[in-house]
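Remarks on the structure that follows.
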Number of protein chains: 2
Amino acid sequence: MKYLTLSLKPTDRAFHPIDQYLTTQEHITRETLLHLDIRFNETYLLLYHLTGSRSAIETAITTNENVLNHEIVSVDGNDVYAYVHLDAANTEGHLVELAYDHGLIIDTPITFDADGMNVTLVGNTTRLGTVLQSVPEELTVSVQHAGRYDPGTNDLLTSLTDRQREVFETAVEAGYYDVPRRVTHQDIAGKLDCAPSTVDEHLRKAESAVVPHLF
Amino acid sequence: MKYLTLSLKPTDRAFHPIDQYLTTQEHITRETLLHLDIRFNETYLLLYHLTGSRSAIETAITTNENVLNHEIVSVDGNDVYAYVHLDAANTEGHLVELAYDHGLIIDTPITFDADGMNVTLVGNTTRLGTVLQSVPEELTVSVQHAGRYDPGTNDLLTSLTDRQREVFETAVEAGYYDVPRRVTHQDIAGKLDCAPSTVDEHLRKAESAVVPHLF
DNA sequence: CACAGATCATGAAATATCTCACGCTCTCAC
DNA sequence: GTGAGAGCGTGAGATATTTCATGATCTGTG
């Protein structure tokens, strides 16, 4: 299973008309599209994370004729979640149709930046190649990343060495991170048949590799 | 926007017939369902992460009459990704239909464990309530987590209290998680104007809330 | 092969951490 | 108001951790 992360610009043909429409709104910024689900009845269910004034967003969405149903939830300040249920009319040739026609999975979240949007498509090499060739000419596409799709390996843990991960996982399972701790370094060292200070070193390095990335 | 994480057991009514079928296979373990996409033509596109022998998985999937197309990719050892394109026939009353009929978003990945499956549904309170009431009697459902859906804020940190997060973040920024540590509890306590043991307590609780979820 | 660099392992001394018991302050519900 | 529960804060003593220096082992490269 391969993946391709594509950067699309400009977004005059966005993945869907309402998305294109949102780009034209001065005071709304698309942050991410968290979900993009399709219903049998030819409708889309979108969950956006947007920033902008709630009223501007409300207006933008209700103005759009394809919107069947929507809901807007403010989070903090200008952060807004917009749940939008859409008629899927007039989407021929748009990215979402292209991907789905070729049996590709669109990996949410889709992120947006000043230049356009970044979408990860998942599927086998043949399908990915075909969809790339089918991209309409008006749409500038550049491939940002490509490789084996491997979401199973937790991103944060991939930077650890095998040994670090082994020690870390053993510690977690043994209850070292419970409150209060259920085991000591020595107990873990016993399980792993090594010195307590070895356990410590691996755990310290594992924590230092992982924890700062949580923020 | 609210979310509910449900634990479903037993899985005799799984989210889809092929999912139910996989549970009956001795030598296949469902790890997660990474994607669950629907096509207009009443088909599903699933991307599973499974463990088991590749041949057993191949057999299980090809044997199923609803499978239109599939692809299996080995990763390491027994880890396998299975891309399955399915006819959506016979799914009345199954979870995926229930959720979608009520305009709820199913938040992948869906995880599986010995007891059943864990699914997070996203939508407003009314919709979530309605779908809970519509759950068939044969299906045991327990609500594991509920709250405001807020994927923008890192999931792992949402379970912390404000104070825990504040202390945790201060510690990270001060270099407490560097190797070697650049500050002690006391230094952090100085910045936060509290006792060192208070810092410790918050950090311990924060770690215990976060670290086990990395695996 | 032989070298460099990274990772892994160890023990001892210095010291930072952890547990626990106690009490305070909120908030929520009755 | 008042009681229950959750979160926050503190100090002291027991004890687990951390650092550091040293060396072994592994891995890739010319």
Side-chain angles (χ1 to χ4, degrees), chain A residues 76 153-215, chain B residues 2 5 76-77 125 129 143-148 150 153-215:
Chain A
D76 296 317
T153 61
N154 192 316
D155 283 347
L156 288 170
L157 296 175
T158 49
S159 61
L160 304 183
T161 65
D162 290 344
R163 181 61 167 165
Q164 284 169 4
R165 193 161 43 244
E166 181 190 2
V167 175
F168 201 19
E169 188 160 7
T170 303
V172 169
E173 286 169 359
Y176 179 78
Y177 287 97
D178 291 7
V179 178
R181 299 200 190 282
R182 296 212 317 274
V183 294
T184 65
H185 282 176
Q186 201 154 54
D187 297 331
I188 299 163
K191 286 179 191 287
L192 294 166
D193 201 28
C194 69
S197 48
T198 302
V199 170
D200 168 61
E201 187 152 356
H202 290 307
L203 290 182
R204 302 284 315 290
K205 286 179 179 167
E207 289 174 15
S208 81
V210 164
V211 169
H213 289 295
L214 294 171
F215 291 89
Chain B
K2 303 285 186 174
T5 298
D76 295 320
T125 315
V143 177
Q144 301 225 300
H145 308 285
R148 212 181 59 187
D150 202 355
T153 61
N154 196 318
D155 282 347
L156 289 169
L157 298 175
T158 50
S159 61
L160 304 183
T161 66
D162 290 344
R163 182 61 169 163
Q164 283 167 6
R165 194 162 41 243
E166 182 190 1
V167 175
F168 201 18
E169 189 162 5
T170 303
V172 169
E173 286 169 359
Y176 179 78
Y177 288 97
D178 292 6
V179 179
R181 299 199 190 282
R182 295 212 317 272
V183 295
T184 66
H185 283 178
Q186 201 153 52
D187 298 330
I188 299 164
K191 286 179 191 287
L192 293 167
D193 202 29
C194 69
S197 49
T198 303
V199 171
D200 168 61
E201 185 153 357
H202 291 308
L203 291 182
R204 302 284 315 291
K205 285 178 180 167
E207 290 174 14
S208 81
V210 165
V211 170
H213 289 295
L214 294 171
F215 292 90

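Residue numbers begin at 1 in each chain, while the letters A, B, ... track the order of the sequences.
- Here C/dT19 presents its P atom at 4 Å from CZ of B/R204, a figure rounded to the nearest Å.
- Residue whose closest nucleotide on DNA chain D sits further toward the 5' end, between B/T198 and A/V183: B/T198.
- Look at CG on A/L203: it is 20 Å from P on C/dA16, rounded to the nearest Å.
- Nearest heavy atoms, B/L203 versus B/F168: CD2-CA, 3.6 Å.
- Rounding to whole angstrom units, CD1 of residue B/I188 and C1' of C/dT17 are separated by 12 Å.
- Closest to the side chain of A/R181, from the set D/dC8, C/dA9, C/dT19, is C/dT19.
- At least one side-chain nitrogen or oxygen of B/H185 sits closer than 4.0 Å to the OP1 or OP2 atom of C/dT17.
- OP1 or OP2 of D/dG7 has not a single side-chain nitrogen or oxygen of B/H202 nearer than 4.0 Å.
- Whole-Å rounding puts the B/D178 CG to D/dT19 P distance at 10 Å.
- Atoms CG (B/L192) and P (D/dG9) sit 9 Å apart, rounded to a whole Å.
- Summarising the geometry of A/S208 relative to B/Y177, their closest heavy-atom pair is CB-O, 2.6 Å, with the distance given to 0.1 Å.
- Between A/D193 and A/P180, the residue anchored closer to the 5' end of DNA chain C is A/D193, taking for each the nucleotide with the nearest heavy atom.
- Following rounding to the nearest Å, A/R182 (CZ) and D/dT15 (P) show an atom-to-atom distance of 21 Å.
- When each of A/V167 and B/E201 is assigned the nucleotide of DNA chain C with its nearest heavy atom, A/V167 is the one assigned upstream, toward the 5' end.
- The pair A/E207-A/R204 does not meet the salt-bridge criterion, since no charged nitrogen lies less than 4.0 angstrom from a carboxylate oxygen.
- In this structure, B/Y176 reaches the C/dT17 phosphate: one of its side-chain N or O atoms is under 4.0 Å from OP1 or OP2.
- No hydrogens or angles were tested; on distance alone, nothing pairs the side chain of B/T161 with the base of D/dG7 as donor and acceptor under 3.5 Å.
- Using a 4.0 Å cut-off, no side-chain N or O of A/R163 falls inside it from OP1 or OP2 of C/dA6.
- Counted within 6.0 Å of CD on A/Q186, heavy atoms from surrounding residues, nucleotides or ligands total 12 or fewer; the atom is thus considered open.
- Candidate nucleotides D/dA12, C/dT10, D/dC8 were compared by shortest atom distance to the side chain of B/Q164, and D/dC8 ranks first.
- Closest non-hydrogen pair, B/P212 versus A/V172, comes out as CA-CG1, 3.7 Å.
- Checking the phosphate oxygens (OP1, OP2) of C/dT15, no side-chain nitrogen or oxygen of B/T184 falls inside 4.0 Å.
- Atom CD in B/E166 sits about 14 Å away from atom C1' in D/dG7, given to the nearest Å.
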